[in-house]
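All remarks here apply to the structure that follows.
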Number of protein chains: 2
Amino acid sequence: MKRITIYDVAKEADVSLATVSRVINDSNVVREDTRMRVQQAIEKLGYKPNAIAQGLALSKTTTISIVMSEKLFAYNAKILNGLMDVAKIYNYNIMFHTTSKGISKMQDVIESIIKSRVDGVILFNDNFSEDEMEVLHEYQIPMVVVGSKLKGQKIGNVGNVYINFERMAYEFVNECFEKGIDDISMVEDKLNLSMMEQLKAGVDRAYAEKGLVFNKYVTYDDSYKSSYTFLSDYYKRNKPSRMVITFRDSQAIALMNACKESGYSIPDDTQLVCILNSKYLTMMRPMISTYNIPEYDLGAVAMRLLTKMLVDDESVKQNKDIEISFSKMFRETTK
Amino acid sequence: MKRITIYDVAKEADVSLATVSRVINDSNVVREDTRMRVQQAIEKLGYKPNAIAQGLALSKTTTISIVMSEKLFAYNAKILNGLMDVAKIYNYNIMFHTTSKGISKMQDVIESIIKSRVDGVILFNDNFSEDEMEVLHEYQIPMVVVGSKLKGQKIGNVGNVYINFERMAYEFVNECFEKGIDDISMVEDKLNLSMMEQLKAGVDRAYAEKGLVFNKYVTYDDSYKSSYTFLSDYYKRNKPSRMVITFRDSQAIALMNACKESGYSIPDDTQLVCILNSKYLTMMRPMISTYNIPEYDLGAVAMRLLTKMLVDDESVKQNKDIEISFSKMFRETTK
DNA sequence: TTGTACGCGTTATCAA
DNA sequence: TTGATAACGCGTACAA
């Protein structure tokens with residue numbers, strides 16, 4: 001089957017290619033009977049417009065790049081659903097890029113983004129530096145960062161849809177204080193350092209306001225293959241804090257198992273809150289307390305913001321920062 | 001910053017655009033000093049070749065589409081890692097499409113694939129019909145189906161990288177028979193009907209060879225919000241089989257919880273095997289037995305096959321079907 | 001309402 | 001070793 005072009009359709013319908021183009025793009029200056037003729041020719045030949053040629057002619061690809069850390073695929077699934085659904089609504093294609101330590105450095109990803117001439121970029125706030133954003137900005141590519149709040153001075157052309165993790169942690173710690181709990185520890189998640197940083201800032205602030213110092217930020221090095229091996233080791237030697245905050249479900253579950261195996265009871269000896277929700281938290285016994293973050297909305301709002309920036313940058317000039325609210329979903333590991 | 005084109009570079013380096021093109025594409029007929037001059041001009045201007053224009057000129061986009069069901073994103077993370085890594089090695093961009101019931105029907109996805117003029121397509125074997133593959137074939141788009149074995153007569157230009165679930169189930173059931181277990185049930189997973197079908201076929205075959213009939217294929221309708229609600233309901237009224245097969249981790253965990261809460265013990269009253277491995281299986285107590293499917297390899301092999309089909313269809317004409325082996329990882333829910 | 005001709009940014013062919 | 005020029009497939013002023 002030969003590649004059908006707009007010329008073939010034009011010949012078949014006995015019109016010029018301009019008319020075919022008008023039909024494709026719903027221009028309303030086409031007479032009804034010629035439109036019909038063209039439509040029939042399109043059907044008959046199975047013609048599909050060449051998006052590449054359209055992109056070249058219009059300097060617009062109707063394509064948006066999404067950049068995500070390879071390791072966070074599974075965890076960002078719902079955000080991605082939100083992104084994809086909205087992109088679909090606005091008829092944008094999605095170019096998908098992943099970053100990892102070995103093969104695909106952020107620099108290479110940026111290179112291919114620029115070459116692809118995508119209309120915009122969605123960045124997950126866990127895997128890029130300010131320099132890299134600066135490069136995209138030099139090439140005038142609008143972007144939206146999703147996840148946590150950007151720090152540093154704002155670069156133009158950048159939107160930000162985020163959860164206020166600093167406030168989340170601050171409020172949570174204060175609630176703990178009110179219940180008389182001030183022995184709190186927080187387990188680091190190496191996959192999401194920017195969010196950890198903000199959480200820690202919130203905890204620090206709450207402690208500082210009480211004239212205390214937070215010093216139970218639990219980190220472990222890569223010699224431990226997983227947080228589980230570390231934690232089960234740790235809780236054999238250390239008594240758990242009365243309240244532990246983890247970021248990710250696997251850490252919460254690891255901690256739960258480690259505590260149980262070391263003879264500690266949850267929530268009686270130690271309470272547990274996992275920042276990121278997941279269905280696995282409710283599958284555990286006791287069911288693990290968490291925060292409810294509207295992940296789908298995070299993605300949907302981010303993509304909607306980007307599409308707005310694309311069609312009319314003025315209308316969103318003032319409010320490119322959108323904070324998404326969260327709520328508590330405390331279950332059986334807290335009391 | 002004005003869009004820099006090959007003309008700007010040519011002017012800056014005082015050569016013709018043809019020479020710039022040669023430098024970009026590593027043609028070795030360029031004299032060294034002019035190459036240097038051009039390189040410097042490229043650096044100075046920050047020129048990046050326009051992939052769209054290249055695509056138009058070459059009728060080749062170096063882009064591959066990946067089509068995946070929206071709901072399976074989290075579960076296919078490792079396969080996707082394999083796909084992405086290999087794509088990166090061969091310098092292919094990835095166009096990412098998701099299918100779901102509401103917004104993005106497979107038909108629309110195919111439409112945009114054809115319009116995008118991607119060089120090839122990776123399909124996950126869970127969300128398309130033979131008709132849809134036929135359409136892609138009409139437009140001569142090479143594709144590789146990853147996951148389970150394709151049934152039906154083979155369409156040209158289609159590769160298949162798969163796990164032989166039929167054999168997996170067949171062998172497993174025979175091992176059960178050898179241990180004297182013939183009371184087996186299998187829980188349906190609605191997200192992956194094609195794989196379920198093959199598993200069931202394997203079970204059926206093993207039963208048939210014993211002159212028995214398999215009749216414990218557990219299905220539940222959508223009125224149950226999750227397999228957990230169904231199973232915990234079910235096991236209050238029914239005694240569990242001595243061996244239960246589930247497909248997905250959440251089903252296995254749900255079953256485990258349901259059994260425990262109904263007073264049954266695993267693995268003493270009922271044993272449990274989950275076909276798809278995940279880290280959550282080892283976080284449960286007892287740790288759940290599973291099969292070890294090299295998911296990353298599934299993706300990597302599939303993408304490698306597709307790239308080979310793209311550069312030289314002849315060399316892979318004979319063997320476009322690649323079976324990936326699996327192994328048992330039986331843990332504490334079997335004995 | 002329709003058609004002509006040029007531009008979009010690159011590669012490839014052919015000539016110099 | 002380089003340069004001029006015709007594709008690649010489409011959108012769009014401008015003319016008819």
Side-chain angles (χ1 to χ4, degrees), chain A residues 1-39 41-42 45-63 93 112 114-119 139, chain B residues 1-39 41-42 45-63 91 93 112 114-119 139-140:
Chain A
M1 179 169 138
K2 173 182 170 303
R3 294 260 152 165
I4 306 296
T5 75
I6 199 168
Y7 291 97
D8 302 314
V9 177
K11 191 181 294 175
E12 175 75 26
D14 198 32
V15 294
S16 79
L17 78 171
T19 302
V20 179
S21 176
R22 291 189 187 100
V23 172
I24 294 169
N25 299 299
D26 278 334
S27 165
N28 47 7
V29 296
V30 183
R31 213 196 309 145
E32 191 52 30
D33 59 327
T34 62
R35 169 192 300 284
M36 293 277 286
R37 264 213 328 286
V38 173
Q39 278 295 6
I42 288 174
L45 300 176
Y47 167 73
K48 307 278 179 192
N50 183 331
I52 300 300
Q54 288 179 321
L56 191 60
L58 293 172
S59 301
K60 183 176 184 314
T61 53
T62 28
T63 299
N93 289 317
S112 80
I114 295 170
K115 288 183 182 169
S116 302
R117 300 295 194 269
V118 297
D119 298 333
Y139 284 88
Chain B
M1 180 170 137
K2 173 182 172 297
R3 293 262 151 162
I4 306 295
T5 76
I6 200 167
Y7 288 97
D8 302 314
V9 178
K11 192 181 295 173
E12 175 75 24
D14 198 31
V15 293
S16 80
L17 79 171
T19 302
V20 179
S21 177
R22 290 189 187 99
V23 172
I24 294 170
N25 299 299
D26 279 333
S27 164
N28 47 7
V29 296
V30 183
R31 212 195 313 144
E32 190 53 29
D33 60 325
T34 60
R35 169 192 299 285
M36 294 276 287
R37 262 211 332 285
V38 172
Q39 278 295 4
I42 288 174
L45 300 176
Y47 167 73
K48 307 277 180 193
N50 183 330
I52 300 301
Q54 289 178 321
L56 188 59
L58 293 173
S59 301
K60 182 178 185 314
T61 52
T62 29
T63 299
N91 272 310
N93 290 315
S112 80
I114 294 170
K115 288 183 183 169
S116 302
R117 301 296 195 265
V118 297
D119 298 333
Y139 285 88
Q140 313 186 62

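For clarity, every value in this text was computed on a predicted model and none was experimentally measured. In what follows, chains carry the letters A, B, and so on, assigned in the order in which the sequence lines appear, proteins first and then strands, with residues in each chain numbered from 1. Values below: all heavy atoms of this structure, side chains included; hydrogens, waters and symmetry mates excluded.
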Q. Is any side-chain heavy atom of A/Leu45 less than 4.5 Å from a side-chain heavy atom of A/Val9?
A. yes
**Q.** Rounded distance in Å - CG (B/Leu58) to P (D/dG9)
**A.** 12 Å
**Q.** Rounded distance in Å - CD (A/Glu32) to C1' (C/dT2)
**A.** 16 Å
Q. Are any of the side-chain heavy atoms of B/Asn50 and B/Thr5 separated by less than 4.5 Å?
A. no
Q) Which whole-number value in Å describes the distance from A/Asp8 CG to D/dG9 P? A) 9 Å
Q. Going by heavy atoms in the side chains, are B/Ser116 and A/Asn93 under 4.5 Å from each other?
A. yes
Q) Are the side chains of A/Val38 and A/Arg35 in touch, meaning some heavy atoms are under 4.5 Å apart? A) no
Q.
What is the separation between atom CD1 on B/Ile6 and atom P on D/dC8, rounded to the nearest whole Å?
A. 19 Å
**Q.** Close side-chain approach of B/Ile24 and B/Ile6, heavy atoms under 4.5 Å
**A.** yes
Q) For the residue pair A/Pro49 and A/Gln54, what are the closest heavy atoms and their distance? A) CB-NE2, 3.7 Å
Q. Looking only at heavy atoms, what is the nearest atom pair of B/Val30 and B/Thr19, with distance?
A. CG1-CG2, 4.4 Å
Q | Residue-phosphate contact under 4.0 Å: B/Ser21 side-chain N/O, C/dT11 OP1/OP2 | A | yes
Q | Length of the line joining A/Arg117:CZ and C/dC8:P, which is rounded to integer Å | A | 14 Å
Q | Shortest non-hydrogen contact between B/Arg37 and B/Val15, atoms and distance | A | NH2-CG1, 3.4 Å
(Q) Please report the end-to-end axis angle for the helix from C/dT1-D/dA16 to C/dA16-D/dT1, five pairs per end, rounded to 10 degrees. (A) 40°
Q: Would you mind reading off the distance between A/Arg37 atom CZ and C/dT1 atom C1', rounded to a whole angstrom?
A: 12 Å
Q) Between the main-chain N or O of B/Gly46 and the side-chain N or O of A/Tyr139, is there a donor-acceptor pair closer than 3.5 Å? A) yes
Q. Where along residues 48-57 of chain B does a heavy atom fall under 4.0 Å from DNA chain D?
A. B/Leu56, B/Ala57
Give every pair of a protein N or O atom and an N or O atom of nucleotides 1-5 of chain D that lie under 3.5 Å apart, one pair per line with the distance.
from	atom 1	to	atom 2	distance (Å)
D/dT1	O5'	B/Val29	O	3.2
D/dT2	OP1	B/Thr34	OG1	3.1
D/dT2	OP2	B/Arg31	N	3.1
D/dT2	OP2	B/Thr34	OG1	3.3
D/dG3	OP2	B/Ser16	N	2.8
D/dG3	OP2	B/Ser16	OG	3.3
D/dG3	OP2	B/Thr19	OG1	2.8
D/dG3	N7	B/Arg22	NH2	3.3
D/dG3	O6	B/Arg22	NH2	2.5

Q.
Tell me the interatomic distance from A/Lys60, atom NZ, to D/dC10, atom P, rounded to whole angstroms.
A. 17 Å
Q. Taking C-beta and beyond as the side chain, do B/Arg117 and A/Lys48 meet within less than 4.5 Å on heavy atoms?
A. yes
(Q) Looking at every non-hydrogen atom in both residues, tell me the closest pair between A/Thr61 and A/Val118 and how far apart they are. (A) OG1-CA, 3.4 Å
Q. B/Ile4 CD1 to C/dT10 P: how many Å, rounded?
A. 10 Å
